[in-house]
Structure formats: structure tokens, C-alpha cells
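Working notes for the structure below.
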Amino acid sequence: MAFVLFNTLTGKKEEFVPLEPGRVKMYVCGITVYDLCHIGHARSAIVFDVIYRFLLSQGYQVCYVRNFTDIDDKILGRAAAEGVDFRTIADRFIRAFHEDMEGLGLLPPTMEPLATEHIPEMIEVIEKLVEKGIAYQAGTDVYFSVERFSSYGKLSGRALEDMVAGARVEVDENKSNPMDFVLWKGSKPGEPAWQSPWGPGRPGWHIECSAMARKYLGATIDIHGGGKDLVFPHHENEIAQAEAAFGQPFARYWIHNGFVNINNEKMSKSLGNFITIRDVLGCMHPESLRLFVISKHYRSPVDFCDETVGEAERGLERLYATVETALEKTAKDAETDYPEDILKREDGELYEKARSLPAMIAEAMNNDFNTAQAIGYIFVLQRNLQRFLDKFGRKSLKGPSARLAAMAADLLLKHCRLMGLLIEEPAVFFDRQRKLKLPTTGMSEQQLYELIELRRKARAEKNFPEADRIRKELEAKRIQLEDSPEGTKWRVSLQPLEG
RNA sequence: GGCGGCAUACCCAAGUGGCAAGGGAGCGGUCUGCAAAACCGUUAUACAGCGGUUCAAAUCCGCUUGCCGCCUCCA
């Protein structure tokens, strides 16, 4: 089956064919390190992590580069505000970014180059553009002349005339066309500066990606990605610089992820509805956030609110619970293999759903990374497996039934892990989930265990009114008790409280 | 003003020419001392509206309405 992805450049789904067979060169725009990352960054990071994992699973050798913009006005602004060096700010937020990405459970990219470590490479590109007469010096700055690059606007699908007509462009006397953008910015006294043929200064924003992508991935890269907001001007300008300088296509497939809204509002600092990754991870399992993100197609906007996030959390718990039960009940007798017809006789539907899962998931992912559809298939198998397990009550499975359940659980686990889900041991997950959620109930672990013990005694004496009173007391704090032969377990209910 | 996207059940969400995936919530049931979880059953003659193409349309084309994004730093 063909592997197709939506290419922003053409506005269509296209079959993916890498430049070199078996190898993929992918560049994803990283962040400007001047503040903590928010859940919009998390979505982008998760989306490209899933893409990266998928490409690897398909046997591609992937070189995945994600840069840091570590010199920029916003970094300088923050440094000035705190009275520290720009490097202090940049390093602080690079560290924070790595903590966040690790917290989210992302595979590290192949490389994470820093803009400031590639100044010579950027100067080289700018010099080339100046030589060709496409860039010009004005005062202490160097600008890219958009009129000299005939296909300017091809990525964002807009014509130069249209942009100029309606754009609110600040008046800059140095520019010969208002749409021209800066390649090199002369430094003011006291600002960080690097030597260049145009005097001391620092690079413009867009040039770093063109220079670093070329250095690490070559003149033409396979996949270039980032958030939708980067289409214009950032990626448009990257194309202009790189293609004007080197005369070769810059990137073949452009992938852009949609935004995260919060309670149906655009997330923005002025609205005060920014949620940082670390805030979210303080009260939610990273895989819950991941399931939330990949339950919707990556190009659509997604709304982050209690209800949609809660659904993801409950779904993840159910997946873990089914896998846990399956592993427990089949632990003793899962190894022996049986012929197909024997397994089918145990549960024909479960057998079929399990066997067809790899092809179904592959088909979904091959179709522009349709993770939402893939997740749908995952839940179909989960329900079939859970139903099968339930038939046995509390008994362990043996022989062909154990083999069938183990096979289904393995496939479920394998394909969840392909998308970065169900990475933890179920017991570890549930323990972590309890620890994350307990603080939201206002009850300490010790208080809780005292009440559970009181209730145990009451039940032992058949004092059910007292036992139920304790259950109700805890339920009012969203702590749900679950009695089982092994004792009473507890978890924090993800169900919103009535009223 | 220019460019683009979206509109599927109470909610979230796949599907993009051939009987409308999946999840959540609700309701009924099984299980349970009572619960919870889980499972079973149930929930769109129908995909914003109108018109067209087709043997066949949620899916293609046109128009209308309503939302949203980008055009300025931004994932």
C-alpha cells in the first residue's frame, strides 16, 4: 500500500518517496529558548515523535534534526529584564525544554544543533545571496529581496502583490520592499555580536534553518515540519533563502501540525490561558496527553479542556487495565503455540481482530499518519480481548485460550508502543497515576489508608452501614474503592463530580 | 481586503464515490453485601442548508449560512 502524506507545498496528499531509498532526512523547527514550553509545543513535539517512530518502524534510517533558536530579540529582552547574559537565558530554557521532552516520553532527535554554533555557515549562505544580488546591505543590516526570488509565496499560497496590499507591515526605511526580511542584523552597542563582512551583528531568524539543514542533511531534505503558524513567514523565507542561494529544491515534503485551543479559545499570552508542559505533567500522565493528541488528526485544531482530556485519561487506563489482566491471566501458559483453527475456535472474532491489527494500523498510518483511525482499531481489539478475558471470570487461562489472549495482548501492546503508548509496566502506570491524582482530592495517603483499614474492619464485622459510609465519604472526594479478593484497591475517579 | 481550513449523534472523533470506525456521556442489564471496574444491549433513514453530476455522494461540483486560522513574534 502506498505511503501518502499531505504536503503543504502542493496542498495535496502525495506518495512519499525519499530521495535516497531507505533513508529519510527530516528537519523540524524547534523552539526559541526564551520561555517555558506550552502544550502547543507539546502537540508539535508529540506529532513529530509519532511520525519519527513510524518512519523507524517502516525500516527507514532516519536522520531527524531539531534545532534551537538561541539568539533572538525575545531572548535578549528577557536577558535584559533579568540583568543577565543572553546565554544564561538560552541555556536555562534549553535545559527546561529537554526536561519537558523527556517528561513527555519523546525519542531524542538525531541532532539538536544550536543557531549560535553555526554563525559561519549562515554567513556563507548570506554571502552567496549577496554575490548573486538577491540580498542587499542597508545600513548595518542585510536583507533578502523577495522580488528577486520569483516563486516567493509558493508554500503559503499567496502572491507578493496580495501580501503587500493588505499587510500591516511596519515601516522600515531600510527595506526596498516591505516584505523583504532580515538575514543579518547589525548589533547595537552592548548586544551580543559576531563578526561578519557587514560588521558586528547577529543572524536573522530564518537563516539558521537553511544553513543548518544544509550542513546536516544536504541541499535537499525529505521532510520539513513544524507548527502551522510557521508556514508564513518562517518556512516561506527558509525556502527563499535556501533555493535562491543553492538553486536546488529545499524540502520535498512540508508537514505542519494544527493548533491547540483551550476551552475553545486560541491559546495566547494576552488571554492568560497558556498552559505549560510542566503544569500539565504535574497532574497528568504523559501518555494521557499523548493519547489526547493522537486521538485527533494532526492537521486539525484540537481543543484542550477537562472533558476531552478526561476521555483520553480514561481510555489510557482501560488499555493498560486490559493488557495487565491479559498478562496476569496468561502468565502461566502462553508459550505453547496452536494451529490457527484451534485458536479461532476459542474466539473467532478476537482472532480475526488481532491478526488483522497490524495491517489496519499500517493502512491508517500510511494514510497521512491517521493516528485517530489507528486508535480506533486499537480500541476495537481492546474490547474484544477484554470480553474474552471476562468470560473466564477470575480463572487463569490455559492452553489455546491463554495463547490467543497472549497473542492479542502482544499485538495490542506492540502497536500502542509504536505510537509511544503503553510504554510502562501496567502496575507502574497505575501507581504513578494514583500518585499524580491523589493531591487533587485533598487527602493524604496516610489518611486514606487509615480509612481503608477502618472500612476493612467494619466489613469483617459485617458492619456494612459503616463500610458504606466510609465508601461514600471517599467518593465525595473522588476516591473510588474497588474491593477484590486481594484486598481493597483505590484510585482517583476521573469522572467529573456531579454539579 | 487577500489566502486557507472546518461544519458527521448529547459531547469528542474517523471516514472523502458503493449498506455511517472508535471513544465519552446517558439509559437498561450481568457481576457485586453495597459499589466501582469490566462486559452485554441501546443511542445518526443519516453527515450545516439548497441545487447539480452519478446507477450510486457525508464523500465530487456550485451557491448559501455559520465558525476558525494565517497575512505581525508565535508550535
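Residue numbers start from 1 in every chain, and the chains themselves are labelled A, B, ... in the order their sequence lines are given, proteins ahead of strands.
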* To do: Considering only atom P, compute the distance from B:A44 to B:G22 and round it to an integer number of Å.
  => 13 Å
Ion pair present between A:E466 and A:R455, side-chain N to carboxylate O less than 4.0 angstrom?
no
Problem - Nearest-angstrom distance, P atom, B:A38 to B:G69 - result: 36 Å
Each nucleotide N or O in nucleotides 19-23 of chain B that has a protein N or O under 3.5 Å away: list the pair and distance.
unit_1: B:G23; atom_1: OP1; unit_2: A:R383; atom_2: NH1; d: 3.0
unit_1: B:G23; atom_1: O3'; unit_2: A:R318; atom_2: NH2; d: 2.6
unit_1: B:G23; atom_1: N2; unit_2: A:E311; atom_2: OE1; d: 3.2
unit_1: B:G23; atom_1: N2; unit_2: A:E311; atom_2: OE2; d: 3.2

Practice problem: Decide yes or no, distance alone: a donor-acceptor N/O pair under 3.5 angstrom between the base of B:C40 and the side-chain of A:R387. | Solution: no
Tell me whether the centres of the aromatic rings in A:Y253 and A:F16 are closer together than 6.0 Å.
yes
Donor on one side chain, acceptor on other, A:E112 and A:H98, under 3.5 Å:
yes
RNA chain B nearest-nucleotide lookup for A:H41 and A:D303: closer to the 5′ end is A:D303
Taken in chain and number order and not counting sequence neighbours, the residues that satisfy side chain to side chain contact (heavy atoms under 4.5 Å, CB included) with A:D390 are A:Q386
_Is it the case that B:C34 (base atoms only) and A:D483 (side chain only) share a donor and an acceptor within less than 3.5 Å, ignoring hydrogens and angles?_
yes
When A:T8, A:D368, A:N257 are each screened for side-chain hydrogen bond (donor to acceptor under 3.5 Å, both in side chains) with A:R299, the one that passes is A:D368
(request) Indicate whether any N or O donor in one side chain lies under 3.5 Å from an N or O acceptor in the other, for A:E208 and A:T69. (result) yes
Exercise for review: Test A:E238 against A:H234 for side-chain hydrogen bond (donor to acceptor under 3.5 Å, both in side chains), laying out the working first.
Suggested key: CA-CA 6 Å; A:E238 281 185 40; A:H234 185 53; 2.7 Å; yes
Checking B:A75, B:A37, B:G33 against the side chain of A:R455 (C-beta onward), the nearest is B:G33
CG of A:D72 to CH2 of A:W205, rounded to nearest 0.5 Å, is 8.5 Å
Of the listed B:A37, B:G33, B:G24, the closest approach to the A:R314 side chain comes from B:G24
Quick test: give all pairs of protein nitrogen or oxygen and nucleotides 68-70 of chain B nitrogen or oxygen below 3.5 Å, distance rounded to 0.1 Å.
unit_1: B:C70; atom_1: OP1; unit_2: A:K266; atom_2: NZ; d: 2.4

Picking from B:U72, B:C34, B:C12, the nucleotide nearest the side-chain atoms of A:T308 would be B:C12
Separation of B:A75 atom C1' from A:K296 atom NZ, nearest Å, is 16 Å
Is the phosphate of B:C74, meaning OP1 or OP2, less than 4.0 Å from a side-chain N or O of A:W205? yes
What integer number of Å spans the P atoms of B:U8 and B:U45? 15 Å
Q: State, without any angle test, whether A:Y152 and A:N237 hold a side-chain donor-acceptor pair at a distance under 3.5 Å.
A: yes
Sorted by chain and number, sequence neighbours left out, ring pair (Phe, Tyr, Trp, His ring centres under 6.0 Å) with A:F429 holds for A:H285, A:Y320
The dot-bracket string of RNA chain B, counting Watson-Crick and G-U wobble pairs with both distances under 3.5 Å, using [ ] for crossing pairs and | for pairs to another strand, is ((((((((.[[[..)..(...]]].(((((.......))))).....[[[[[..)....]]]]])))))))....
Describe the nucleic acid contact of A:R43 in one word from base, sugar-phosphate, nothing, applying a heavy-atom distance below 4.0 Å. nothing
* Asked: Looking for any heavy atom pair under 4.0 Å, which part of the strands does A:V260 touch: base, sugar-phosphate only, or nothing?
  -> base
| query | With a non-hydrogen cut-off below 4.0 angstrom, is A:G258 in contact with a base, only sugar-phosphate, or nothing? | reply | base
Note to self: Regarding A:H38, tell me which of base, sugar-phosphate or nothing describes its non-hydrogen contacts under 4.0 Å with the strands shown.
What the structure shows: base
Ring pair (Phe, Tyr, Trp, His ring centres under 6.0 Å) test vs A:F369 passes for just one of A:F48, A:Y52, A:F3, namely A:F3
### Pairwise C1' distance, B:G2 and B:U72 [rounded to whole Å]
15 Å
Under a 4.0 Å heavy-atom cutoff, the residues of residues 356-368 of chain A touching RNA chain B are none
Result for 5'-nearest mapping on RNA chain B, choosing between A:T32 and A:L481, is A:L481
Ranking B:A75, B:A35, B:A38 by distance to the side chain of A:D390, first place goes to B:A38
Under 6.0 Å from the CD atom of A:E425, do we count more than 12 heavy atoms belonging to anything else shown? no
